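To start, the structure under review is shown below, and the notes come after it.
A note on names: the letters A, B, ... follow the listed sequences, proteins ahead of strands, and every chain is numbered from 1. Computed from a prediction, not measured in an experiment: that's the story for all the values here.
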Number of protein chains: 2
Amino acid sequence: MKRKITLKQIAKELDVSISTVSKSLRNSLEIGEETRLKVQAFAKFYNYKPNNIALSLKNRKTKSIGIIIPEIVHYFFSTVINGIEQVANEYGYSVVICVSDDSFDKEVLNMEMLANGSIDGFIMSLSKETQYKGDFHHITEVINQGMPVVMFDRVTNDILCDKVIIDDKSAAYEAVQSLIDSGRKKIALVTTVDYVSVGKLRTDGYEKALLDNGLPFNEDLIIKIEDVDTCEITISELLHARAFDAVFAVNELFAVTIIKTANKMGLKVPEDLAVIAFTDGIISKYSTPTITTVSQSGEKMGNKAAKMLIERIEAEENEDEEHTENYITEVIETHLIKRESTD
Amino acid sequence: MKRKITLKQIAKELDVSISTVSKSLRNSLEIGEETRLKVQAFAKFYNYKPNNIALSLKNRKTKSIGIIIPEIVHYFFSTVINGIEQVANEYGYSVVICVSDDSFDKEVLNMEMLANGSIDGFIMSLSKETQYKGDFHHITEVINQGMPVVMFDRVTNDILCDKVIIDDKSAAYEAVQSLIDSGRKKIALVTTVDYVSVGKLRTDGYEKALLDNGLPFNEDLIIKIEDVDTCEITISELLHARAFDAVFAVNELFAVTIIKTANKMGLKVPEDLAVIAFTDGIISKYSTPTITTVSQSGEKMGNKAAKMLIERIEAEENEDEEHTENYITEVIETHLIKRESTD
DNA sequence: TTGCTTTACGAAAACGTGGTAGTGTTGAAA
DNA sequence: TTTCAACACTACCACGTTTTCGTAAAGCAA
C-alpha cells in the first residue's frame with residue numbers, strides 16, 4: 001500500500017536536490033555520470049514514473065481527447081470510438097468518453113466538465129436534441145477558448161470547425177440508383193425526423209436519384225419514423241397497399257424490421273421487396289436475408305477525426321500566432337455492399 | 001481565442017490577492033460582502049471555472065475512472081460501458097476508456113499509462129491473452145499502489161479485488177435444463193477455447209445439467225471454436241451426421257451462424273434444432289428466427305462495478321488506516337429470454 | 001596569486017488551486 | 001491607556017514536474 005514514489009522522495013533518499021533527480025532521469029549532461037546512474041538505478045528499482053497530472057499542469061496539455069456522442073450502445077458510434085482510440089493510442093493520447101444520451105443538457109454538462117482543463121480537444125457528434133434546438137453556444141464557447149473541436153457524422157453548418165462526414169446525399173443517390181437499375185419503380189424511403197441532419201441529406205439524395213431517372217417523387221413514399229417501435233405498424237399498412245416494391249432505409253434497424261414485417265405478410269425479400277439500408281452494421285451481416293447496405297466506415301471516420309484533432313492540438317503548440325483558421329471538412333467515401341436483400 | 005481565466009488573472013484585474021478571489025468564490029465568511037460580490041460578478045462574467053488539473057494535483061484525485069476492455073465494438077462490452085458511464089456521471093466522475101484488443105501488451109501499456117495519476121481507479125475485463133498467459137503483475141502492481149480495481153466478466157481468482165460477474169455456471173445450467181425440458185436429448189455445446197474463464201464455467205454448467213438429468217456427457221458434442229469463421233464448417237459436418245438436436249452456444253455470433261448453417265441444410269429451427277445463446281445482444285433480437293438467450297445485463301454489471309469502485313475510492317479518503325480488505329464478488333442474476341429458436 | 005572557464009549541482013519559479021496561518025486596522029471593553 | 005477581539009484581507013505552502021538561472025568548487029593559463 002505504498003503510494004507512487006515522487007522526485008522529492010528520491011531526492012531525499014539519495015540526498016541530492018529534486019532538480020538533480022529530474023535532470024538525471026532525463027539524461028541531462030549537466031549531471032555527472034556517477035550521480036546520474038545512481039539516480040537512474042534507484043528510480044528504476046522503485047519503478048518511478050512521472051505523475052501525469054503534474055505534467056499536465058506544467059505543460060498545459062493533458063494528452064487526452066474528449067469524445068461526446070449520443071449513444072455508445074450503437075454499432076456505428078462504437079466503431080468510430082474504436083477508430084479514434086487506435087489513432088489516439090498511437091500518438092500517446094487517452095480518450096475520455098461522455099454520452100449525451102441525445103439530450104442537450106447532458107451534452108452541455110459533459111462539455112463543461114471536460115472543458116475545464118481535462119482534455120486538449122473534442123471529437124463529437126451532436127445529440128438529436130441539440131440539432132433540434134439549434135443551440136450550439138456550448139460548442140462556440142470551447143472553440144473560443146482555443147480548444148480544437150472536430151465534429152463527425154451529425155454536424156452543423158452553424159459551427160466553424162473541422163468536420164468528418166460521409167457524402168450522405170451521394171451515398172443515398174447511389175443506393176437508390178442501384179434499386180432503379182434492378183428494375184424497381186416504386187421506391188420508398190424510410191427515414192427519421194427532419195432535424196437530424198443526416199436524415200435530411202439522405203432524403204435529398206433519394207429525391208435526386210428518382211428525378212434523374214424520370215421517376216415520380218411521391219411524398220407519400222417518404223416514411224418518417226420517430227421511434228422504431230412504431231415502424232412495424234406503419235410499414236405493414238403500406239405493404240398491404242402494395243405501395244412500393246423497394247425500400248431504402250436510413251438505418252439497419254428500420255431495414256430489418258421492414259424485412260420481418262414483409263415476411264410475416266408472406267412477401268419475399270428480395271423478390272417482392274428489395275431492401276437497402278444505410279450504415280453497415282452487425283445486423284445487416286447476420287439477418288436473414290443478409291441486407292445490402294451503404295457502408296459508412298465508422299472506423300475510418302474515427303481515424304480521420306482523431307488525426308485531424310491531434311494535428312490541430314500539436315499545431316497550436318508551435319504557433320501562438322493567430323493563424324488563419326482554414327477548417328476542413330473531410331468526406332469519407334462510402335460504397336454499396338451487395339447482399340441478399342437486393343437482386 | 002482568449003484562454004480560460006484563472007484565479008490569478010481575476011486577482012490582478014480586481015487588485016486583490018489570489019486567496020481573496022478563491023475565498024470569495026467559495027463564499028467564505030472571511031471576505032467582506034462588497035468584495036465577495038464584486039469578485040463573484042467578475043468571475044461569472046468571465047465564466048470562471050476552476051481548472052480540473054490543478055484541482056486534481058492539489059487533491060490527489062482526478063474524479064475519473066479508467067476502463068480497460070478487450071473490445072469496444074461489441075454489444076456486451078458497450079452496454080457495460082454504458083452502465084459505468086451512467087453511475088460515473090451521477091457521481092461526477094469521467095470515464096477514460098482504453099481498449100486492449102485482447103492483447104496482453106496493450107493491456108499492460110494502457111494500465112501503466114493511466115496508473116500514473118490519471119485516474120482514481122480501474123474497472124476492467126481481462127484480455128484473452130492475459131488470461132492465457134496468466135500473468136497479472138500489472139494488476140497486482142496498481143493494487144499495491146493503493147489504487148482500487150474492480151474486475152468484471154472476464155476475471156481471475158489469482159487477483160484479490162472486487163469483482164462483478166454473472167453466475168456463468170448456473171446460467172448455463174438453466175439454459176441446458178430448459179432444452180432438456182422441451183424434450184431434447186442430444187445437446188451440443190459450442191464454446192470458445194478453454195483459457196477464457198467464462199467459457200470454462202459455462203462448460204461446467206452444461207455438463208452438470210446433463211448429468212443431473214441422467215443424460216450422457218459426450219466430449220464429442222463440445223465444439224471448441226477459436227475463430228467464428230471456422231464455425232460454419234465444423235457445424236455443418238456435425239449437423240450432417242445428425243449428431244445433435246439442440247445447441248447451447250456461448251455467444252450469439254456462434255448461435256446465428258449455426259442457425260444459418262442449419263437453414264442452408266434444410267433443417268428447421270426450432271423444429272429440427274433448438275438453439276440457445278449466451279449474451280442477449282442485438283443479433284438475437286433481430287435474427288430470423290429470433291434467438292432464445294441467457295441475458296446477462298451488461299448495464300447492470302456496469303452500474304454495479306462503478307458503484308463498487310466509487311465507494312472504494314471515496315472510502316479511501318476517509319480512512320488512511322490499513323483497513324482489512326474485505327473484497328466482495330457481486331453476482332448479477334441472469335434469466336432466460338425465450339424467443340423463436342426454442343420451443 | 002589572479003582571473004577565467006568548466007563541471008556539477010542546487011534554488012527557485014511556474015503551472016492553478018485551496019487551506020492554514022498570519023497581519024494590520026478598527027473599535028470596544030477593562 | 002492598554003488589551004483584546006473582530007474584521008478583512010494577504011502570505012505562504014503544498015501538490016509533482018520541468019527548466020532557467022545561479023554558484024561553489026575545481027582546473028588551468030598567465
Given DNA chain D, 5'-ward residue of the pair A:I18 and B:V21, judged by closest heavy atom: B:V21
5' priority, DNA chain D, between A:Q9 and A:K23 [closest heavy atom]: A:Q9
Heavy-atom closest pair, residues A:L160 and A:Y327: O-CE1, 3.5 Å
Heavy-atom pair with the smallest gap, counting every atom of B:N52 and A:S118: ND2-OG, 2.9 Å
For a quick check under 3.5 Å, do [X] and [Y] share a side-chain donor-acceptor pair by atom type?
{"X": "B:N116", "Y": "B:E112", "value": "no"}
{"X": "A:N27", "Y": "A:Q40", "value": "yes"}
{"X": "A:E299", "Y": "A:N303", "value": "no"}

Nucleotide nearest A:S17 (side chain, heavy atoms from C-beta), chosen from C:dC9, C:dG16, C:dG10: C:dG10
A:T20, nearest nucleotide to its side chain (from C:dG16, C:dC9, C:dG22): C:dC9
Starting at atom [atom1] of [X], determine the distance to atom [atom2] of [N], rounded to an integer number of angstrom.
{"X": "B:L7", "N": "C:dG19", "atom1": "CG", "atom2": "C1'", "answer": "13 Å"}
{"X": "A:L29", "N": "C:dC9", "atom1": "CG", "atom2": "C1'", "answer": "14 Å"}
{"X": "A:N59", "N": "C:dC15", "atom1": "CG", "atom2": "P", "answer": "13 Å"}
{"X": "A:N27", "N": "C:dC9", "atom1": "CG", "atom2": "P", "answer": "14 Å"}
{"X": "B:L57", "N": "C:dG19", "atom1": "CG", "atom2": "C1'", "answer": "15 Å"}
{"X": "B:K12", "N": "C:dA14", "atom1": "NZ", "atom2": "P", "answer": "12 Å"}
{"X": "A:I31", "N": "C:dA8", "atom1": "CD1", "atom2": "P", "answer": "9 Å"}
{"X": "A:R26", "N": "C:dC9", "atom1": "CZ", "atom2": "C1'", "answer": "18 Å"}

Side-chain N,O (B:K8) to OP1/OP2 (C:dC15) below 4.0 Å: yes
Test side chain to side chain contact (heavy atoms under 4.5 Å, CB included) applied to A:I72 and A:I97, step by step: CA-CA 9 Å; A:I72 192 160; A:I97 296 185; 4.2 Å; yes
Sugar-phosphate only, base, or nothing, as touched by A:T35 at under 4.0 Å among non-hydrogen atoms: sugar-phosphate
Sugar-phosphate, base or nothing in reach of B:T6, heavy atoms under 4.0 Å: sugar-phosphate
Spacing of CG belonging to B:L114 relative to CD1 belonging to B:I68, to within rounding of 0.5 Å: 5.5 Å
Ring geometry between A:F77 and A:H74 (parallel below 30°, tilted from 30 to 60°, perpendicular above 60°): tilted
For chain B, the stretch of DNA chain D it reaches, first to last nucleotide, under 4.0 Å of its heavy atoms: D:dA8 to D:dG16
Trace of the salt bridge (Lys or Arg N to Asp or Glu O under 4.0 Å) decision for B:D102 with B:R154: CA-CA 11 Å; B:D102 269 321; B:R154 298 217 214 132; 3.1 Å; yes
Degree of bending, the helix from C:dT1-D:dA30 to C:dA30-D:dT1 (end axes from five pairs; round to 10°): 90°
Within residues 33-52 of chain A or reaching into it, pairs that qualify as salt bridge (Lys or Arg N to Asp or Glu O under 4.0 Å) - sequence neighbours excluded: none
